[in-house]
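In what follows, chains carry the letters A, B, and so on, assigned in the order in which the sequence lines appear, proteins first and then strands, with residues in each chain numbered from 1.
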Amino acid sequence: MTATIETGPGATAVRHQPAVRLAGVTKTFRDGGAPVLDGIDLDVAPGEFVCLLGASGCGKSTLLTIAAGLDAPTQGTVEVPDGRAALMFQESALFPWLTAGQNIDLALRLRGLSARRERRAEAERLLALVRLHGAYDKRPHQLSGGMRQRVALARALAQDSSVLLMDEPFAALDAITRDVLHEELVRLWEATGLAVVFVTHNVREAVRLGQRVVLLSSRPGRVAREWRVDIPQPRRVEDKDVAELSIEITEHLREEISRHGR
Amino acid sequence: MTATIETGPGATAVRHQPAVRLAGVTKTFRDGGAPVLDGIDLDVAPGEFVCLLGASGCGKSTLLTIAAGLDAPTQGTVEVPDGRAALMFQESALFPWLTAGQNIDLALRLRGLSARRERRAEAERLLALVRLHGAYDKRPHQLSGGMRQRVALARALAQDSSVLLMDEPFAALDAITRDVLHEELVRLWEATGLAVVFVTHNVREAVRLGQRVVLLSSRPGRVAREWRVDIPQPRRVEDKDVAELSIEITEHLREEISRHGR
Amino acid sequence: MDAEAVESKDALATVEAGLDALETSSDHEDSTLIRVVRAAYPPLLALALILAVWQLLYASKIWPDWKLPGPSQVYDSLKDAFSNGDVWPAVGHSIGHGAVGFAASVALGTPLGLLVGRFQPVRAGIGPILSGLQSLPSVAWVPPALMFFGPTPAMLYTVVLLGAVPSIAVGVVAGLDHVPPLYLRVGRNIGARGLASVRYVLLPAALPGYLAGLRQGWAFAWRSLLASEIIVQSADLGHSLGFLLKNAQDTNDMAGAFAAIVLILAVGVAVNQLLFVPIERRVLKTRGLA
Amino acid sequence: MDAEAVESKDALATVEAGLDALETSSDHEDSTLIRVVRAAYPPLLALALILAVWQLLYASKIWPDWKLPGPSQVYDSLKDAFSNGDVWPAVGHSIGHGAVGFAASVALGTPLGLLVGRFQPVRAGIGPILSGLQSLPSVAWVPPALMFFGPTPAMLYTVVLLGAVPSIAVGVVAGLDHVPPLYLRVGRNIGARGLASVRYVLLPAALPGYLAGLRQGWAFAWRSLLASEIIVQSADLGHSLGFLLKNAQDTNDMAGAFAAIVLILAVGVAVNQLLFVPIERRVLKTRGLA
Amino acid sequence: GSSKSSSKGAGSDAKAAAVTSAGSAASELRLGYFANVTHATAVVGVAHGDFAKALGTTKLSTQIYNAGPAEMTALLGGQLDAAYVGPSAALSAFVQSHGEALKIVAGATTGGAELVVKPGIDGPADLKKKVLATPQKGNTQDVALRFWLKQQGLTANADGTGDVSVNPQDNATTLDQFKAGRIDGAWLPEPWASRLVLEAGAKVLVDEKDLWPNGQFSTTTLVVGSDFLKKHPDSVRALIDGQIAANQWITSSAADAQQLVNEQLKKLTGKALTDEEIKRSFSEQAATNDPQAATLQTSLDHAVATGLLKNTDLHGIFDLSILNAELAKNDQPAVSDAGLSKK
Ligand SMILES: Nc1ncnc2c1ncn2[C@@H]1O[C@H](COP(=O)(O)OP(=O)(O)OP(=O)(O)O)[C@@H](O)[C@H]1O
Ligand SMILES: Nc1ncnc2c1ncn2[C@@H]1O[C@H](COP(=O)(O)OP(=O)(O)OP(=O)(O)O)[C@@H](O)[C@H]1O
Ligand SMILES: [Mg+2]
Ligand SMILES: [Mg+2]
């Protein structure tokens, strides 16, 4: 039910137009410094759900920022044929001058929804989706860390982009809320054919959600290994298959990290 | 090996002087608003390791802020006989005008270390402890989310307080780094007789680390249930005992959350 | 350690306690009456203190009364001016000109600041000029402005604009510079381009700094206006606060000059407390900064 | 749609592209030579543009040359002044007085701002007075200062302090107000009380806003200084930039007045570009804001 | 002459000297004046050395002002001991100090003020709806213009409204504005009247001399602080001696005096007048020691009539005893105080 794909040229290539294509992406922050990302090739097919794993500081956030077009790679190319990919930032990054609802509203407005009533209804729907009924008028500083993350998720969903990049979206959520949102996210993904790149440190979460799990090595960040997850949805975090693959992936993660040394 | 303690008057009382004592702590943010915390009684014995669990937004961070004396409870009293408790914030909250090392250095200086060389050595040691060798001169904005959290942890440790309050300290870390830091933390705790209050959403992590696990209910936040964890250290997240207790606790967490509605 | 040293150490401790006090400020809110009294007493106390010290200095006769007039003389002078009917038109004119000039300065300075703040070449080219202009006193502009426009409101506005526009633009630039880049990235990602980005992200993000800049800009505008009113008098400009002050100074009427200064201060305080302070407080409050 | 409309739409698009441009600015750094050229050409271009427009206006003879002197006349006047030996002492005096006055203003304004910013009662009591003082033009202070101190440096400093101290204090307050409360909490938790909290947390956290305030404070100080130099001249004060300007204006020497203005601008630009801009850039850079 | 210490040896500090017994010479005399043709007496007295010679050990320190009110502010503030100033500025300082702070102890200049206008304005009737400038609200020329307009049946209100609009403004500005056609004329002291005539083609409509009996009216006077006069009458006497000498020299060697004044203008302000201008200026005015006491009362009456000032009692504003004593020594006729010496 699970398969390991060896990395290598062409291994991740998708036949048709991909939703996101990173080709040879290298990122160096200082002139002459060591590259953070080094020759990343990554294609995400339309409607594909890819989970990204890697040690803390290996360059996952940098990769997403580049994929979203917010930072230029030092070398290599980025293509997102459908326009810009929606990015949910690691720091929830809500605008402090707007309420939770207005943050979502702004994304809706900028996406082109002009009817105020419609926007309000949509924002309320998204807030309910992330289990934040009635938080429309709360200011970001009045929300808890997990609540802020959920509002950020709702805002990213409001963009209604065909590609969704998520940077540790559920890190600050309790297990139960997280389960609920896993379900919602999968339902949404199945319904809309969204391409998702999902960064997480929770290996089980990666296996629970992804069709493909990509492991990044660190210093420099390269694609170390990939797994295709063929366990049918609905999966649960507690499922035996999920647990088994998780253990295997964790093992590789451990290897990667010890290889690159302290 | 595990025991459930029913909550109730006297149940959590510790015979001698506690390291932290919250008595009847209630917190309301707006006049007339619903209380976020409602009559919390919590004693932490010197050298005790308490883990705090609860739904997102139930008031865990608020509780820690109050215990650290940074916010006044609306009702009730807080006692920390040994002076101020060190708090590691949920948002790593490094000072952006200092480098990673200087952030730690400042905590050392304010704790009373005046020798510059000594401080430098200690800061380097703490950075190494959190697996950030050579990050002394990095600015916070040049660090990844997980790296920032680790610097914040090092800073909290630098305070050398007898009480350490930690708010989701490992949420942004990969499984492996987290394992390593679990070990370091337990070693440190055993060596120093630190009292620790550790907030996490990872139930296994709570069971892996704590002597006592406290579950908060939400709206209003009350102590819903407590478990004494008698599994001897060193424990591992993968241990069967840990897994079993985790499943039990998760079950209660689920109940709590569904009881309080969505 | 002698008594004085102990005392000063105590004073320091008090200061330190005070410095910490706000950080634990409880969110507890008192009844309206108590709040009003609380809000009113420090300024009143400050005023009373100033008047007391002033009266003391005056009564001590260190200086003759034509050098330091007493509060009562200034009060009489103010009363005279009010009963003359000189004051209201003067205040009206000055505030009117100040408001128009400030509004125009904001309208010009804001886009200018945005351009300078956002386009590196513009910043390199115009930035230094702005800071140069900021360093020229209004008195230097009055003669050329007078030459080109005569003693008309156009001249006043020219001087006001030359004083306030650079200051406001510099304030906008500072506000923009302090915006965390994360917000710009978020804005871009949710689709705020170009003018939408300015309107929905840049300006609101820079708002606290922008308001601080506006406040300084208002100070520049108002000071420039008064400086020109003091230097130039004509029928077209009519009575003004500057005119009142200049008249008193020209006749060495110190009590009159103090009265005019009190009026100018009163207008300055009123504009700040009624306009800027409430806006700033609201902005800070919504952002969780206060 | 006619050609003009198309063009203006294109222009708008360019602006929008430009507004976005910085947000993707690459961290790529060029060679030193290219960077120097890049840094130098926009200000030079701006200067060249201004000179060109000026020369054009002058050559068009819309205004007689005693109203608008040409660049070459101003250049001659400047050259004269330099060869006279008038300029360097004047610039030296003004900068010297300005530096001392500004330093004193910073030394007074900073603690004052801290007190006002951190103690609610002090803020309520003194805050309005500060904003009132900010609204009084220097010209209003010159006569009383003259009366108490005569035409001496003490008079200049009084006027400068009255202009700059409130402005700097207001800047400090704004800077403090914009500090995220989280930093104060962290500071308290790691043990920064009282003065340590001021030194290690409050001041550095407020630094960007404080610097912006200092810049405005410098503008106030410099303008006040020049205003008093223009109004009062005495042997004790010696030659100064204000003296040069006033003299030129008094003798209807427009070219000379423009030359003095150019000098004042040059000093203002130099202080900003050599002092404030580099400091601000460094502060922003270390904080990841630029 | 700048010897530092007084004979008393009380130190070089002026204040220290000031507290010593009455009648002694001050260690320092702080004198204010304008770098201007109407202050020729002071300019010459300083540059020609007449003051220094007469003052002997008393150190003379000078301060240049460009407006009467600022100069009087300094005098009232105790920052000046003596000052050359127009009578109207002296008058308001006298009034504001309840007649205590100063005394006019001598005249200095008479004459030298004209109403110059655009060609085409030939009489008062042509001034309707015109804009005229004066150096300063309520100063000697301002009062003269307003009173003259009133006599001609034209209104000119204090705030600039009326049949004729009167703008008090800087003299240099007036020249520019006249050239630019923004104003139609101005009532000005020398050398500005001459400059408007010679540089800007203005013509003289009224010469203020023609309005006064004998063509004499005070343009510049010498005032001293009352305290200083009380404590150091000898120094004041010396100053007056210096002035008498200076005025004598100005009258006797007119050409040299004009040249010296022009040199000083160049030195103090960086710009000299043309020969023609300085010549015309000097021909319009005359050096005198007579403060024309009687004209001061008239001038005040005019100011009151035009609503610029409140009526006040001028008694005590003059103290001409020293001047008359010194004039007598020089075999010159005494001047009249018009009965205004005594309170
Ligand atoms: N602006 C920057 N300047 C210099 N170095 C940077 C910058 N941003 C990131 N880095 C470095 O790049 C590396 C990767 O950072 P990134 O944030 O992408 O890591 P990550 O994989 O998201 O880690 P985490 O799981 O902790 O969030 C880190 O070593 C970090 O120090
Ligand atoms: N300043 C504030 N003003 C108003 N409400 C607040 C404020 N701070 C927190 N709250 C509310 O208090 C509740 C508890 O917040 P808190 O941050 O303590 O939750 P938490 O348990 O730490 O959640 P998480 O696990 O998501 O971090 C939330 O509902 C939040 O909206
Ligand atoms: Mg990251
Ligand atoms: Mg929390």
Undergrad: Looking only at heavy atoms, what is the nearest atom pair of Y136(A) and T99(A), with distance?
TA: O-OG1, 3.0 Å

Undergrad: Tell me yes or no: between the side chains of W97(B) and Q102(B), is some donor less than 3.5 Å from an acceptor?
TA: no

Undergrad: For R150(B), is it the side chain, the backbone, both, or neither that has a heavy atom closer than 4.5 Å to a heavy atom of chain A?
TA: side chain

Undergrad: Among the options A171(A), A175(A), A55(A), pick out the one with the most heavy-atom pairs lying under 4.5 Å from chain B.
TA: A55(A)

Undergrad: Are the side chains of T26(B) and L37(B) in contact, using a 4.5 Å heavy-atom criterion?
TA: no

Undergrad: Distance from E205(B) atom CD to R178(B) atom CZ, nearest 0.5 Å?
TA: 4.5 Å

Undergrad: Quick check on S56(B) against chain A: is it the side chain, the backbone, both or neither that has a heavy atom closer than 4.5 Å?
TA: both

Undergrad: Under 4.5 Å from any heavy atom of chain A, what part of N202(B) do you find: side chain, backbone, both or neither?
TA: neither

Undergrad: Does P73(B) reach the side chain of K27(B), with side-chain heavy atoms less than 4.5 Å apart?
TA: no

Undergrad: Can you say whether E91(B) sits under 4.5 Å from chain A via the side chain, the backbone, both, or neither, judging by heavy atoms?
TA: side chain

Undergrad: Evaluate the ring planes of F198(B) and F49(B), with Trp represented by its six-membered ring, and classify them as parallel (under 30°), tilted (30 to 60°) or perpendicular (over 60°).
TA: tilted

Undergrad: Below 4.5 Å, heavy-atom pairs only: which of E168(A), Q90(A), M147(A), R254(A) has the largest tally toward chain B?
TA: R254(A)

Undergrad: What do you reckon, are the aromatic ring centroids of H201(A) and F170(B) less than 6.0 Å apart?
TA: no

Undergrad: Among A172(B), G146(B), G59(B), G57(B), which has the most heavy-atom pairs under 4.5 Å with chain A?
TA: A172(B)

Undergrad: At a heavy-atom separation under 4.5 Å, does S61(B) approach chain A through its side chain, its backbone, both, or neither?
TA: neither

Undergrad: Picking from D174(A), D167(A), T62(A), which has the most non-hydrogen pairs under 4.5 angstrom with chain B?
TA: D174(A)

